[in-house]
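Indexing begins at 1, ligand by ligand and atom by atom, following the structure's order. These numbers come from a predicted model, not from an experiment.
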Amino acid sequence: MHLIEFSHVYKNYDKNYILRDLNFTVDKGEFIFITGPSGAGKTTTLRMLTAVEKPTHGAIRFMDAALQDLKPKDIPFLRRKIGFVFQDFKLLPDKTVFQNVALGLEVSGIFGSIITKNVSEILKSVELYTKKNEFPTALSGGEQQRVAIARALVQNPQVLLADEPTGNLDEDTSKIIMDIIKSFNNKGTTVMLATHNKNLINMGRARVIDITKS
Ligand SMILES: Nc1ncnc2c1ncn2[C@@H]1O[C@H](COP(=O)(O)OP(=O)(O)OP(=O)(O)O)[C@@H](O)[C@H]1O
Ligand SMILES: [Mg+2]
C-alpha cells in the first residue's frame, strides 16, 4: 500500500479550479518534489495533506485515513504524523531553540527526561546543540531553518512536508538545508518538497510531480 495517494483530486476556492484531476502516489521512504509555477497549487496540495484544506472532489489517502472524510476530532492524530517546514521558518521569537523544538512534544503530552533526550539528539543531528539556549533572532536564516527542521522531525513523523524551504536562503545555505533534508530521507523519513526552484530540483535528483500538468 502507498503511504500517500491522491486520486482524481480537484480543488477550487472560487469558480476557477486550481487543481484538476491530480493523481499521484508516494511510497514510504521516497523523496518527491512538487513543482509548478507560482499560484499552481503547491501549497494547497500540501495543505490538503494536513487537512487544513479539503479537496473539492476526489480522494486523498494518508496511511489508512481518507482525508476528505476526516472528522475534526481526528485531525490532531493526523498532524502528529506529519512534520511541516515553511519558507519563513515560523519559529516562536520569545522561545529558545530548545523550547521551539520541545513545544511539539509537549503538545503531544511528552515531558521531562524524554524531551531533553529527544530534543538534544535532534539538535545534534542538525549541528545546533551548542546554540540550544539562543533565541531565533540570534541565528542566521539557515540556522533558523535547521531549527525548524528539527522541530518538524523531533516527533519522528511519517512524512516531512517542506514548502519552499530554501526560498529565503542563499544558494550555499540552500545546499546545506537540502543535504540535511536528504540525510533524514536516507534514514527513512518520507519527504515531499514543494518548490518552483529548478536548481533545487536538480540538486535533489528525485522524482518530480509537476502539478501544472494536472
Ligand atoms: N485560502 C484561499 N482562498 C482563496 N484562494 C486561495 C487560497 N489559498 C490559495 N488560493 C489561491 O489558489 C492558487 C494556488 O495557491 P497556492 O498557494 O497553492 O500556490 P503555490 O503553487 O504554492 O504558489 P507559490 O509558488 O507562489 O507559493 C492561487 O491562485 C491562490 O491565490
Ligand atoms: Mg506556495
- Mind checking whether Tyr17 and His57 have parallel, tilted or perpendicular rings, split at 30° and 60°?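 Tyr17 and His57: parallel rings.
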- Task: Please report the shortest heavy-atom distance between Thr25 and Glu5, naming the atom on each side.
- Result: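 In terms of heavy atoms, the two residues are closest at CG2-CG, 3.7 Å.
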- Go through the steps for Glu143 and Phe89 under the test side-chain contact (heavy atoms from CB on, under 4.5 Å), then give the verdict. CA-CA 10 Å; Glu143 288 170 339; Phe89 323 134; over 6 Å; no
- What is the closest protein heavy atom to atom 25 (O) of ligand 1, and at what distance does it sit?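 Looking at atom 25 (O) of ligand 1, the protein heavy atom closest to it is Lys42 NZ, 2.7 Å.
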- Message: Give me the nearest non-hydrogen protein atom to atom 17 (O) of ligand 1 as residue plus atom name, then the distance to 0.1 Å.
- Response: Thr43 CB, 3.6 Å
- Task: Check whether any protein heavy atom sits under 4.0 Å from atom 31 (O) of ligand 1.
- Result: no
- Query: Is atom 6 (C) of ligand 1 in close reach of the protein, with a heavy atom under 4.0 Å away?
  - Reply: yes
- Check each atom of ligand 1 against the heavy atoms of Ala40 and keep those under 4.0 Å away; list them by number with element. 19 (O), 21 (O)
- Task: Tell me the protein N, O or S atoms under 2.8 Å from the Mg ion (ligand 2), in chain and number order.
- Result: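 Near the Mg ion (ligand 2), the protein supplies Thr43 OG1.
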- Could you tell me if any non-hydrogen atom of Pro37 lies under 4.0 Å from any atom of ligand 1?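 A heavy atom of Pro37 does come that close to ligand 1.
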- Strictly under 4.0 Å, does any heavy atom of Gly36 approach an atom of ligand 1?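 Gly36: no contact with ligand 1 (<4.0 Å).
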- Query: Purely on distance, is any nitrogen or oxygen of Gly41 under 3.5 Å from one on ligand 1?
  - Reply: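 Yes: some nitrogen or oxygen of Gly41 is under 3.5 Å from one in ligand 1.
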- Message: Is it the case that the side chains of Gln155 and Ser108 hold a donor-acceptor pair, with the cut-off being a distance below 3.5 Å and no angle test?
- Response: yes
